[in-house]
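Taking it in order: structure first as structure tokens, then the write-up.
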Protein chains: 2
Amino acid sequence: MTKREEFIAQSLKLIHQKGFKATTIRDIAESMDCDVANVYNYIDSKQGLLESHLFAINSEFHENVDQIIKSSYAPIDKIKKLISLYVEITVTRPLEASLLVNEWRSLKEPKLSEFIKARESFERKVKKIIIEGIKEGAFRQMNPELATYSLLSCVRWLFNKYAGKKVKVNKVEVEKELVEFVLSGLSN
Amino acid sequence: MTKREEFIAQSLKLIHQKGFKATTIRDIAESMDCDVANVYNYIDSKQGLLESHLFAINSEFHENVDQIIKSSYAPIDKIKKLISLYVEITVTRPLEASLLVNEWRSLKEPKLSEFIKARESFERKVKKIIIEGIKEGAFRQMNPELATYSLLSCVRWLFNKYAGKKVKVNKVEVEKELVEFVLSGLSN
DNA sequence: TATTTATATCAACAAATGTTGATGCAATAA
DNA sequence: TTATTGCATCAACATTTGTTGATATAAATA
């Protein structure tokens, strides 16, 4: 592993553990056993470090989301596909997924607004799927907004389970469980 | 409203808006239009401010939780009661609820471990309810751990919707929707 | 060989931030 | 009346923290 890769790995790890605000440049330097100034061989600013990783994973996520949205799948299958996407990204790159869920709050304007705008746009798309599903009779009658947030929160917590821990995860099994929960809840 | 009450209100509001780490003593002072040193008429330290509010609401929450756990309700009704409790606290005191969900990360040892321990204990209790519900046949077969986290995340996002915004909320309606989602998911 | 690239070293600064001490003043309670 | 309580004022300090500039060295590349 090159030093630059070690830097990326360590900084992502620290940001996930302590949060972006609480992670200092000196923390990062110490974790990779080098001088403080050395960190600036890899970044322009601390803020830039957050922005680059955050928007990289965010773009990737939204591009995949749009393909699902624009597909001809029925609402119920679009939901399944979205959950599958979220599980895939979260299990393979949990540290970056944690940026999407937690650390975006540390963005500064105008990046903050840019992120929020994209996220709200995504949430509206999910809400539309739910509304359509209700109309078609695939989903029961419900408040689409509350359902949207509930649904999304069901997958957003996931990274917490797989970031930093060396748990061996059966991606497919996790996906199956989440899909079942979102579609059927607890009940028999 | 006394000055002390204004201090509490403003500091909670700021902590929710910007996060605890990003909220400075000077921010708080400015928000209540007083000198910086003045803030220390009401607190011993910034950290103490977080701790007192966080553990106050946390204790209250867990006391109520234990009453539900120890009741003779069936698993499905315990779940309903828990959701009801969460909605109640979140809708009436969203700013404090946000501490429980977001800001506990800013606690320092040993308070941090204390909080985490309580939270994990709570999660185990919920998991037990689910396991029991499955055994009794009230709930379908599922992975209890994933179900626990999914269930809890379904209610934890709520404060985001009601903190800071002047939305008039029908508590009962929100509760009904959440219960339906947790028990039945999206499906018909 | 010449040169670019990746990384290391050291010192230092400016700004932000939590915190303190000493003091004043007015209202309330004893 | 006296003592306490709640709140305000001002100046100052010690740390923490992001960031820079100038320079060195060894390896990779041209």
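Note that this is a predicted model, so its numbers are computed, not measured. Throughout, a chain's letter reflects where its sequence line sits, starting with A, and its residues are numbered from 1. Side-chain atoms are counted along with the backbone in the values below, which use heavy atoms only and exclude waters and symmetry mates.
- Environment of NZ in A:Lys13: sparse, with no more than 12 heavy atoms of neighbouring residues, nucleotides or ligands closer than 6.0 Å.
- Checked by atom type, the side-chain pair A:Asn58/A:His62 shows a donor-acceptor distance below 3.5 Å.
- Ranking D:dA8, C:dA8, D:dT17 by closeness to the B:Tyr42 side chain, first place goes to D:dA8.
- Considering only the side chain of A:Tyr40, D:dG18 comes nearest among D:dG18, C:dG18, C:dA6.
- Distance from the side chain of B:Lys3 is smallest to D:dA8 among C:dA12, D:dA8, D:dC10.
- Geometrically, B:Lys111 engages B:Phe55 in a cation-pi contact, judged by NZ or CZ lying under 6.0 Å from the ring centre and within 45° of the ring axis.
- Among the nucleotides D:dT9, C:dA8, C:dT17, the one closest to any side-chain atom of B:Asn38 is D:dT9.
- Out of D:dG18, D:dT19, D:dA8, the shortest distance to the side chain of A:Ser45 is found at D:dT19.
- Across the protein-nucleic acid pair, B:Ile28 atom CD1 and C:dT17 atom P stand 12 Å apart, rounded to whole Å.
- Atom-to-atom, CG of B:Asn41 to P of C:dA22 comes out at 15 Å; the value is rounded to the nearest Å.
- Checked against D:dT9, C:dA12, D:dT20, the side chain of A:Ala37 finds its nearest nucleotide in D:dT20.
- The side chain of A:Lys46 has D:dT19 as its nearest neighbour among C:dG18, D:dA11, D:dT19.
- Considering only side-chain N and O atoms, B:Thr2 lies under 4.0 angstrom from the phosphate OP1 or OP2 of D:dC7.
- Going from atom CD1 of B:Ile25 over to atom C1' of D:dT9 covers 17 Å, rounded to whole Å.
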